[in-house]
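Below is one structure; the comments refer to it alone.
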Amino acid sequence: MAHSAFSGKSNGKETSSLVVSFGEMLIDFVATETGVSLAEAPAFKKAPGGAPANVAVGISRLGGSSAFIGKVGADEFGYMLADILKQNDVDTSGMRFDTNARTALAFVTLRADGEREFLFFRNPSADMLLHESELDISLMEQAKILHYGSISLIEEPCRSAHLAALSIAKKSGAILSYDPNLRLALWSSAEAAREGIMSIWDQADIIKISEDEITFLTGGDDPYNDNVVLKKLFHPNLKLLIVTEGSKGCRYYTKNFRGRVAGVKVKPVDTTGAGDAFVSGFLYSIASDQSIFQDEKRIRKALYFANVCGAITVTERGAIPALPTKEDVLQFLLEAATI
């Protein structure tokens, strides 16, 4: 059994199943009170954020092998984020530090209607300034899966670095996993967001999207209609398209089969990071076994595991602190079985 050389650990994490997450890592300042607007919030608590980084931590927590590629500022917050990744056994050799730009910040509040309101500080922030020349090519060549979002497509030079990363990973035989993770406030217009997100759509092997994102990307079509999903969003190279429906679970589509996997009932405290925990759980399951796409029973099992990861995460505040370990998931499954 090959031990991971990067983490310096000999706990049997196999380098063969390395998942590399590419994109942004930032500091979320989360309002300490819920049900208020950003302007009304009395105080904010800092928390590490950024979907690709959350996924990297989530996979490592479950016992998988993960790395993060992205850029932060050469500032207190940037070093703090790198430390959080290291503490969670995520390989940070692909991280870069910018001396001329700050680490991105986002102020977040949970409004009374349960929706989140964001205010981003990034003009430009370090994550937008990752250059193609700064990519850790050897790390990407080792990836079994490259996971990414769409925020890194918004501005140059990061957009070119993102496209180069896709190309390198694809050439090395990696599976490309895409979670568009729409943040409309960051794009210049809704049209730019739609075009940007769809510009790399056909390259992905796995895509995970939410109901709201289907409505947005299709220009208002019914997200529950299988024909809408199959005609407008499924593409010939796709191994798997997953539609997440929050606590209700998820739907899945492949060339040969489709279905739904029920969600798991928990008492939600904070939905932040639930989607990233779901992605972590699923990518962890398939990293070590890529023949899974031909086997509906195993896909369903992996998606249920992912649903449990998402459910556990909403029972605690914050994204990274709430991401489950494999023990947490097994304990949850055990308790669910005895009820």
Side-chain angles (χ1 to χ4, degrees), residues 21-28 38 49-55 69-73 98 101-109 111 115-132 134-135 146-167 169-170 176-223 228-229 231-235 237-238 241-244 275-276 279:
S21 287
F22 174 95
E24 70 283 355
M25 188 170 194
L26 58 144
I27 305 272
D28 283 331
L38 286 169
N54 291 345
V55 169
I69 290 182
K71 200 175 207 186
V72 291
D98 199 304
R102 296 275 184 230
T103 300
L105 308 179
F107 287 80
V108 190
T109 186
R111 296 195 310 241
E115 282 303 303
R116 287 178 297 169
E117 186 185 327
F118 290 93
L119 179 60
F120 293 94
F121 283 71
R122 50 199 309 269
N123 61 332
S125 52
D127 59 293
M128 300 156 72
L129 301 174
L130 181 70
H131 285 263
E132 187 179 336
E134 295 175 297
L135 290 174
L146 179 72
H147 176 71
Y148 49 90
S150 68
I151 290 171
S152 38
L153 293 168
I154 298 175
E155 298 274 353
E156 289 293 357
C158 189
R159 181 183 159 82
S160 290
H162 185 142
L163 297 177
L166 293 188
S167 163
K170 192 104 184 165
L176 301 186
S177 160
Y178 186 21
D179 175 1
N181 203 25
L182 175 67
R183 291 283 177 266
L184 210 43
L186 293 178
W187 295 84
S188 56
S189 67
E191 201 38 58
R194 207 173 283 118
E195 273 178 31
I197 286 170
M198 295 308 289
S199 68
I200 58 167
W201 198 261
D202 291 349
Q203 294 189 47
D205 298 296
I206 303 167
I207 295 174
K208 176 234 139 198
I209 63 176
S210 66
E211 306 140 293
D212 297 349
E213 287 162 350
I214 294 177
T215 306
F216 174 76
L217 292 173
T218 58
D221 286 355
D222 176 6
V228 166
V229 174
K231 282 200 174 75
K232 295 204 171 180
L233 297 174
F234 200 88
H235 66 76
N237 304 323
L238 207 50
L241 177 67
I242 304 168
V243 180
T244 52
D276 300 329
V279 172

Using distance only, find each side-chain donor-acceptor pair of residues 199-207 under 3.5 Å and give its atom names and separation, not counting sequence neighbours.
residue: S199; atom: OG; partner: G196; partner atom: O; Å: 2.6
residue: W201; atom: NE1; partner: L233; partner atom: O; Å: 2.7
residue: D205; atom: OD2; partner: L176; partner atom: N; Å: 2.7

Checklist entry - How long is the gap from CD1 on I69 to CG on L130, to the nearest 0.5 Å? => result 8.5 Å
Item to check | Heavy-atom closest pair, residues E211 and P223 | outcome: O-CB, 3.5 Å
Checklist entry - If every non-hydrogen atom of S152 is compared with every non-hydrogen atom of G149, which pair is closest and at what distance? => result OG-O, 4.2 Å
Checklist entry - With sequence neighbours left out, what residues match R194 under salt bridge (Lys or Arg N to Asp or Glu O under 4.0 Å)? => result E191
Next on the checklist: My understanding is that only residues two or more places apart in sequence, or in another chain, count here; which of them pass side-chain contact (heavy atoms from CB on, under 4.5 Å) with D127?
Outcome noted: E24, A104, R122, S125
Checklist entry - Stepwise, does the side chain to side chain contact (heavy atoms under 4.5 Å, CB included) test hold for Y178 with I197? => result CA-CA 10 Å; Y178 186 21; I197 286 170; 3.5 Å; yes
Checklist entry - side chain to side chain donor-acceptor pair (under 3.5 Å) with S150: which residues, sequence neighbours excluded? => result none
Item to check | E155: side chain to side chain donor-acceptor pair (under 3.5 Å) partners, not counting sequence neighbours | outcome: none
Checklist entry - Can you check whether L153 reaches W187 side chain to side chain, under 4.5 Å on heavy atoms? => result yes
Checklist outcome for this item: Residues at least two apart in sequence or cross-chain that pass side chain to side chain donor-acceptor pair (under 3.5 Å) with S210, listed by chain then number, are E213
Item to check | Under the salt bridge (Lys or Arg N to Asp or Glu O under 4.0 Å) test, residues paired with D28 that sit two or more places apart | outcome: none
Item to check | CZ-CG distance between R102 and L26, expressed to the nearest 0.5 angstrom | outcome: 15.5 Å
Next on the checklist: Looking at H147, is its backbone amide N or carbonyl O close enough to the side chain of S177 to form a donor-acceptor pair, meaning the two atoms are under 3.5 Å apart?
Outcome noted: no
Checklist entry - Among all residues two or more places apart in sequence or in another chain, which pass the side-chain contact (heavy atoms from CB on, under 4.5 Å) test with A101? => result D98, A126, L129
Checklist entry - What pairs with E134 under salt bridge (Lys or Arg N to Asp or Glu O under 4.0 Å), at least two apart in sequence or on another chain? => result K71
Checklist entry - Taking only residues two or more places apart in sequence or in another chain, which ones pass ring-ring contact (aromatic ring centres under 6.0 Å, His included) with F121? => result F107
Next on the checklist: Going by salt bridge (Lys or Arg N to Asp or Glu O under 4.0 Å), name the residues that satisfy it together with R183, two or more places apart in sequence or in a different chain.
Outcome noted: none
Next on the checklist: Holding to side chain to side chain donor-acceptor pair (under 3.5 Å), I want the full list of residues that pass it with E117, two or more places apart in sequence or in another chain.
Outcome noted: none
Next on the checklist: When you compare the side chain of N54 with that of V279, does any pair of heavy atoms fall below 4.5 Å?
Outcome noted: no
